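Report on the structure given below.
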Amino acid sequence: MVDRPKLLLGELPLQAQPALCRILDANLDRAREGLRIVEEWCRFGLNSSELAAECKQLRQEIAKWHTPELRAFRNTLGDVGTELTHPQEETRGSIGQLLQANLCRVQEALRVIEEYGKLYLAEMGSAFKQMRYRVYVLETNLLGYQRQQKLLQSSLYLVTSASEHLFAIVEAALEGGLTLVQYRDKTANDDVRLEIAARLRKLCHHYEALFIVNDRVDLAIAVDADGVHLGQQDMPIATARQLLGPHRIIGRSTTNPEEMQRAIAEGADYIGVGPVYATPTKVEKAATGLEYVRYAAQNATIPWFAIGGIDPSNLNDVLSAGADRIAVVRAIMQAEQPTLVTQYFISQLTRVQTLRNFRSHLAQSHN
Ligand SMILES: Cc1ncc(COP(=O)(O)OP(=O)(O)O)c(N)n1
Ligand SMILES: Cc1ncsc1CCOP(=O)(O)O
Ligand SMILES: [Mg+2]
């Protein structure tokens, strides 16, 4: 039996050979450029050496296929495509959109190489197929990482209540710098909830804020929310994790140390701590008081949000008890100026976080 030659180019009609090489050359470049753009964000934006290393490895693997022979066919001046741009390429609304567009560009380029590469070298198709799947994994990991980072950076959490001005209030708070929103609606029908949740998600993502759905994992999945918030009566975290996958956020309400430790052990990404004060928003739950906030400040190993009856008048007491993240309903939903209240909360929370970070750096440098 005669071995099949590895280089298949010669099997194509002569006039098709330069075109094939130009397609491969252009897409090998495109894939690496897109990866480089994503890599820079992983490195400088997310400080993730793991994600940056995966981008770099992929770039290096692609580079190995970019032979001088393929480059020799380059004819930039004769390329009719260099002047074709799409209006969306001229503007990028956010880092998220920029990453999305470039990951899509990389996936497209890898797919082109996978298909045309089969006509060039026997192994090229399967090698690029594998790389394309690696980019899908990279995309999911990147999204999950971005979500966790955003959660870590969020000090104020707006839990919504039904209101005829719901969207205007949420948008006003987002204008004030809010980065974490929970859709909480205990009465509406599912079709209404679905419609509201989908609109809220779009609004939150436009402002690069996380969007969480209260109670309902099915709704969270249906509208592609960033996560779900589960109370003690809701489904177990492990079941929710199975349904939501590893990259979405799961929050859990806790009212005492035991519930806190269980939520952490079960893999919650954050917890609610409270109600700190008695509140008409959640009448059936007794206030835990500031004692539980003090316990959380000493013992919580994941992000935690003090919740329940918190407003600008008692904020300082909650912060003094050790909180540096809070969740509120009425203080923003019923505010006359939701943007200003949001800005006030965030400025106070940032102030205590900065002070505490500074003190802990100082303490570390003395040890
Ligand atoms: C951030 C946050 N913390 C606590 C809760 C309360 O959840 P739960 O106990 O399930 O009560 P309901 O909100 O469902 O009435 C929350 N929603 N968010
Ligand atoms: C949902 C929830 N869970 C514990 S307290 C609370 C409501 C907090 O509402 P408010 O900020 O209006 O007191
Ligand atoms: Mg609940």
Side-chain angles (χ1 to χ4, degrees), residues 150-152 154-163 166 169-170 173 178-188 193 197 200 204 209-220 225-237 239-240 244 248-256 258-260 262-264 266 268-290 292-293 296 300 302-315 317-319 323-336 338 341-342 344-345 349:
K150 187 127 262 174
L151 175 66
L152 278 178
S154 299
S155 57
L156 177 65
Y157 191 174
L158 170 62
V159 179
T160 65
S161 56
S163 161
L166 175 66
I169 297 169
V170 173
L178 181 74
T179 51
L180 182 55
V181 175
Q182 178 190 129
Y183 171 49
R184 178 176 182 270
D185 189 336
K186 308 299 273 190
T187 54
R193 284 190 217 209
L200 278 179
C204 291
L210 292 171
F211 176 65
I212 307 288
V213 172
N214 187 38
D215 295 339
R216 296 277 300 273
V217 174
D218 56 345
L219 239 157
D226 294 299
V228 73
H229 184 90
L230 301 173
Q232 292 292 322
Q233 321 301 332
D234 299 319
M235 77 165 61
I237 292 176
T239 313
L244 291 166
R248 273 190 247 248
I249 293 168
I250 299 180
R252 183 67 125 193
S253 317
T254 70
T255 60
N256 57 54
E258 204 188 314
E259 288 176 359
M260 172 187 291
R262 201 176 329 123
I264 295 172
E266 287 174 359
D269 295 300
Y270 75 85
I271 47 174
V273 165
V276 180
Y277 303 108
T279 166
T281 317
K282 189 82 191 153
V283 277
E284 69 276 18
K285 264 192 187 173
T288 61
L290 289 171
Y292 184 41
V293 176
I302 58 176
W304 58 280
F305 294 82
I307 183 170
I310 301 171
D311 60 33
S313 75
N314 58 25
L315 178 67
D317 299 335
V318 181
L319 300 183
D324 57 14
R325 291 187 176 89
I326 60 161
V328 298
V329 180
R330 286 166 304 144
I332 289 179
M333 292 305 297
Q334 294 179 14
E336 276 184 21
V341 177
T342 302
Y344 176 74
F345 278 139
L349 289 157

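The first residue in the sequence is number 1, and the count goes up from there. A quick note: this is a predicted structure, and the numbers were derived from the prediction, not measured. Every number for a ligand or one of its atoms is a count from 1 in the order of the listing.
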Query raised in the report: Can you list the ligand 2 atoms lying under 4.0 Å from a non-hydrogen atom of Val328?
Result: 11 (O)
Report summary line: For Gly231, the ligand 1 atoms with a heavy-atom partner under 4.0 Å come out as 8 (P), 9 (O), 10 (O)
Query - Selected option - heavy-atom contact closest to atom 9 (O) of ligand 1, from Gln233, Gln232, Lys285, Arg252 - result: Lys285
Report task. Show which atoms of ligand 2 fall inside a sub-4.0 Å distance from at least one heavy-atom site of Arg330. Result -> 10 (P), 11 (O), 12 (O), 13 (O)
Requested in this report: Please could you name the atoms of ligand 1 that Asp234 approaches to less than 4.0 Å, counting only its heavy atoms?
Outcome: 10 (O)
Report task. Closest by any non-hydrogen atom to atom 6 (C) of ligand 2: pick that one out of Lys282, His229, Glu284, Lys186. Result -> Lys282
Report task. State, with a plain yes or no, whether a side-chain heavy atom of Asp324 is found less than 4.5 Å away from one of Leu319. Result -> no
**Report entry** 4.5 Å side-chain heavy-atom contact, Val293 and Trp304
**Finding:** yes
Report summary line: The side chain to side chain contact (heavy atoms under 4.5 Å, CB included) partner of Ile332 among Val159, Val341, Asp311 is Val341
Requested in this report: Write out the residue and atom name of the closest protein heavy atom to atom 2 (C) of ligand 2, then the distance separating them to 0.1 Å.
Outcome: Ile307 CD1, 3.8 Å
Query raised in the report: Between His229 and Asp234, is any pair of side-chain heavy atoms under 4.5 Å apart?
Result: no
Report task. Could you find the nearest protein heavy atom to atom 17 (N) of ligand 1 and give me its residue, atom name and distance? Result -> Gln182 OE1, 3.0 Å
Query - Tyr157 to ligand 1, any heavy atom closer than 4.0 Å - result: yes
Query - CD/Glu336: more than 12 non-hydrogen atoms of other groups inside 6.0 Å - result: no
Report task. For the residue pair Leu156 and Leu180, establish whether any side-chain heavy-atom pair is separated by less than 4.5 Å. Result -> no
Query raised in the report: Is any N or O atom of Gly308, backbone or side chain, closer than 3.5 Å to an N or O atom of ligand 2?
Result: no
Report task. Give the minimum heavy-atom separation between Val328 and Ile310, together with the two atoms involved. Result -> CG1-O, 3.6 Å
Query raised in the report: For atom 11 (O) of ligand 2, what is the nearest protein heavy atom, given as residue, atom name and distance?
Result: Val329 N, 2.9 Å
**Report entry** Nearest neighbour of atom 4 (C) of ligand 1 from the list Ser253, Gly272, Pro275, on a heavy-atom basis
**Finding:** Ser253
Query - atom 14 (O) of ligand 1: the protein heavy-atom neighbour that sits closest, reported with distance to 0.1 Å - result: Lys186 NZ, 2.6 Å
Query raised in the report: To the nearest 0.1 Å, how far is atom 13 (O) of ligand 1 from its closest protein heavy atom, and which atom is that?
Result: Arg184 NE, 2.7 Å
Query - Numbered atoms and elements of ligand 1 in range of Asp215, under 4.0 angstrom, heavy atoms - result: 10 (O), 14 (O)
Query raised in the report: If you check every N/O/S atom of Asp215, which is the one nearest the Mg ion (ligand 3)?
Result: OD1
Report summary line: Residue, atom and distance of the protein heavy atom nearest atom 2 (C) of ligand 1 read His229 CE1, 3.3 Å
Requested in this report: Kindly give the atom name of the N, O or S atom of Asp234 closest to the Mg ion (ligand 3).
Outcome: OD2
Query raised in the report: Do Thr288 and Thr255 have side-chain atoms, one donor and one acceptor, less than 3.5 Å apart?
Result: no
Requested in this report: Establish, from distance only, whether the side-chain atoms of Arg330 and Thr281 form a donor-acceptor pair under 3.5 Å.
Outcome: yes
Query - Arg184-ligand 2 polar pair, N/O distance under 3.5 Å - result: no
Report task. Verify the distance criterion only: is there a donor paired with an acceptor across the side chains of Tyr292 and Thr254 at less than 3.5 Å? Result -> yes
Query raised in the report: Looking at Thr281, which atoms of ligand 2 are within less than 4.0 Å of one of its heavy atoms?
Result: 7 (C), 9 (O), 10 (P), 12 (O), 13 (O)
Report task. Heavy-atom distances under 4.0 Å are what count here, so tell me which part of Lys285 touches ligand 2: side chain, backbone, both or neither. Result -> neither
Query raised in the report: When only distance counts, is Lys282 in polar contact with ligand 1, meaning an N/O pair under 3.5 Å?
Result: yes
Query - Note, Glu266 side chain near Ile250 side chain (heavy atom, < 4.5 Å) - result: no
Query raised in the report: Do any nitrogen or oxygen atoms of Gly309 lie less than 3.5 angstrom from nitrogen or oxygen atoms of ligand 2?
Result: yes
Query raised in the report: Among Arg193, Gln233, Lys186, Arg184, whose side-chain hydrogen bond (donor to acceptor under 3.5 Å, both in side chains) with Asp215 holds?
Result: Lys186
Query raised in the report: Would you call Ile212 and Val181 a side-chain contact if the rule is heavy atoms closer than 4.5 Å?
Result: no
Query raised in the report: Are the side chains of Asp269 and Leu151 in touch, meaning some heavy atoms are under 4.5 Å apart?
Result: yes
